[in-house]
Novice: 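Okay, here's the structure, questions in a sec.
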Amino acid sequence: MRPHILGIDLGGTKVLAAVLDPDGKIVARARAKTRGWRNDEEVFRTIALTGHRALESAGVDQDHLAAVGIGAPGPIDFDTGSIIETANLKFKNFPLGPRLAEEFGRPAIVENDVNAGVYGELRAGAARGAREVLGVFVGTGIGGGLILNGALYRGFSKGAGEVGHIIVAAGGPRCGCGNRGCLEAVASRTAITRDIRKAIKRGYRGPVTKSLNKETDQLSGKDLKLAYDSGDQLVKRVIHRAAKLIGVGMGSLLNVLGLEIVVLGGGVVEAFGDDFVDRIERAARAIAFEINSENVKITRAELGDDAGVIGSAMLAREALNRNAQRQG
Ligand SMILES: [Zn+2]
């Protein structure tokens, strides 16, 4: 058996592990919920167990495992493979890379989760074969990743690619990052729900009113889509505005970067589908100069939940190959 790779995607609500064979095909998966952890050791044990379960169900033992790759939220110290901090998980300066390498007895790499997802789409999904790629994932927040000249772009600072925090509404709603009017603060599912909740409190009544969870004050992507499909005027207005603002940000980025392909994914894009993407695309192309608009493809992500595990596994394999070349 040739060497396999273990790819792991660590999210705010779940951890997904997958074993990829030498051809990059997923041969087994395992998942676990990631809520209610008390400390970083508990988080780590869940990640490790999920990885072991995926390996077991693939029938791959340590002798046939080449490397481990993980995509994780929060800023990462790429020199040490540590997670600097995560908002939802209990990590603070946690040496995730070294601990995974110790656990599985193989080299391990750590990448930002959104970057890993964009990289998966580059290697095996909607952006196959491209070199200048922007990925935008619209869900609870808005995450983004940038591939320039065929490689993940982190910038001199190592902090590049924060697409969710470009400002599209100066002086607008406060963002989790502290700034005002970030894309994430006006077009994520959290922002969409906030705007709908506010209108309901001011007296709006429509199909969406009943869907608002009385206890959590939240709307799921499914709730939003149902209300949208039943013709709720408020939901339509808020969704259309979100799409337009994502397009405004994207159009600006097209003019700065001159991209080849933009891949759109995440829960909101999956729930609202092609109509949502078309609206984003129209707004982006209205802003982009002709030279930056005519050759760019704007399309939906293809890999869904698998993007992160595939991307982190591919990154681990490529890091391994680079080291082998250096030593050989
Ligand atoms: Zn922000």
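In this chain, numbering begins with 1 at the start of the sequence shown. All ligand and atom numbering here is 1-based and tracks the order in the structure. Worth knowing before you read on, the calculation uses all heavy atoms, side chains too, and leaves out hydrogens, waters and symmetry mates.
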Novice: Less than 4.0 angstrom from a charged side-chain N to a carboxylate O is my criterion; do Asp232 and Lys236 meet it?
Specialist: no
Novice: Work out how many protein N, O or S atoms lie closer to the Zn ion (ligand 1) than 2.8 Å.
Specialist: 4
Novice: With sequence neighbours excluded, what pairs up with Asp305 under the salt bridge (charged side-chain N to carboxylate O under 4.0 Å, His left out) test?
Specialist: Lys14, Arg31
Novice: When you check the gap from the basic side-chain N to the acidic O, do Asp195 and Arg237 get nearer than 4.0 Å?
Specialist: no
Novice: Taking the side chain as C-beta and beyond, is there a heavy-atom pair between Ile298 and Arg285 under 4.5 Å?
Specialist: yes
Novice: Does any part of the side chain of Leu315, heavy atoms only, come nearer than 4.5 Å to the side chain of Leu152, both counted from C-beta?
Specialist: yes
Novice: Does CD belonging to Glu56 count more than 12 external heavy atoms closer than 6.0 Å?
Specialist: no
